[in-house]
Amino acid sequence: MPELPEVEITARLLDRALNGARIESALAPGINALKTYDPPLSALEGERVQAIRRRGKHLLVEVSSDLVLLIHLMSAGRLQLFDKRAGPRDRTSRLLVRLDAGRELRLREFGSKQAAWVKLLRAEQLAVEPALEKLGAEALPVPADLDELLDEQRPLHALLRDQRTIAGIGRSWVDEILWSAMLSPFKRGSDLDEDERERLARAIEQTLEGALAHYEQVVRIPIPDKLPMPLRVHRHEGEPCPRCQTTLKSVHFEDYVIAYCPHCQTEGRVLKDRRLSRLLK
Ligand SMILES: [Zn+2]
């Protein structure tokens with residue numbers, strides 16, 4: 001599940017490795033991956049990579065002649081650099097960018113769903129690109145107006161994951177952030193007091209920066225298929241809370257499984273499965 005820390009480390013490592021690299025050709029073997037047709041991928045031939053950066057959970061590969069590859073990894077995509085070309089049996093690649101020195105940048109996707117996507121845009125199209133236009137402020141550095149952004153009667157779990165509210169946080173890191181801030185996933189943004197708002201801002205910063213610092217230490221090119229995510233709460237239900245040793249619980253909410261500590265986050269209450277309780281009404 002690539003979120004801000006995973007996409008950011010990908011952008012940083014690739015940016016360092018590929019600055020100035022010459023593109024020989026590009027093709028999109030995934031039938032559904034490429035969402036644009038003008039300019040064609042052949043426009044990339046002979047161009048050089050200028051920068052690779054992140055916006056929200058998107059990657060932007062900026063190329064010398066004002067062309068930009070906009071990539072969304074969705075839930076199972078990876079952007080990986082290899083020093084060899086993919087073989088004919090390669091079934092995971094959705095986009096191949098062939099580079100000088102025999103290197104190849106591949107958008108690969110694991111699992112049965114083909115959801116990751118690519119757009120080849122001209123730089124001026126970026127400003128009106130719908131996928132970017134509706135994104136909220138970056139989660140890092142924590143926006144100065146976080147209090148206002150979160151002043152909504154929606155549960156924190158939904159608010160923090162909403163890319164239009166704040167960009168970069170998804171289903172994994174939201175659990176870690178709320179656990180770190182000692183806040184219930186169902187607490188409404190507008191109900192936070194000053195102390196809780198401060199805790200939440202600090203938790204966003206420390207959690208995301210901590211993950212990035214971890215990746216800077218352990219991740220190298222080629223970026224592995226599975227990143228070593230330093231999660232302590234998400235998907236750890238049934239295990240002891242790292243802070244108080246209470247058994248971590250989980251609850252279904254919309255399409256998500258939320259992990260939390262009943263002692264640290266919900267005043268001892270075990271949350272009811274909202275999906276189920278709605279069905280039973
Ligand atoms: Zn706890």
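This chain uses plain numbering: 1 for the first residue, then up along the sequence. Here the structure is a predicted model, which is why all the values come from computation and not from measurement. For ligands, and for the atoms within them, numbers begin at 1 and follow the listed sequence.
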Show me the donor-acceptor pairs, under 3.5 Å and distance only, between side chains in residues 69-79 and residues at least two apart or in other chains.
unit_1	atom_1	unit_2	atom_2	d
His72	ND1	Met74	N	2.9
Arg78	NE	Asp225	O	2.6
Arg78	NH2	Asp225	O	3.2

Residue list, salt bridge (charged side-chain N to carboxylate O under 4.0 Å, His left out) with Arg202, at least two apart or on another chain: none

Arg164 CZ: over 12 foreign heavy atoms closer than 6.0 Å: no

Ring centres under 6.0 angstrom apart (His236, Trp179): no

For the Zn ion (ligand 1): protein N/O/S atoms at distances below 2.8 Å: 4

Contacts of Asp83 that satisfy salt bridge (charged side-chain N to carboxylate O under 4.0 Å, His left out) - sequence neighbours left out: none

Any donor-acceptor pair under 3.5 Å from Gln265 side chain to Cys261 backbone: yes

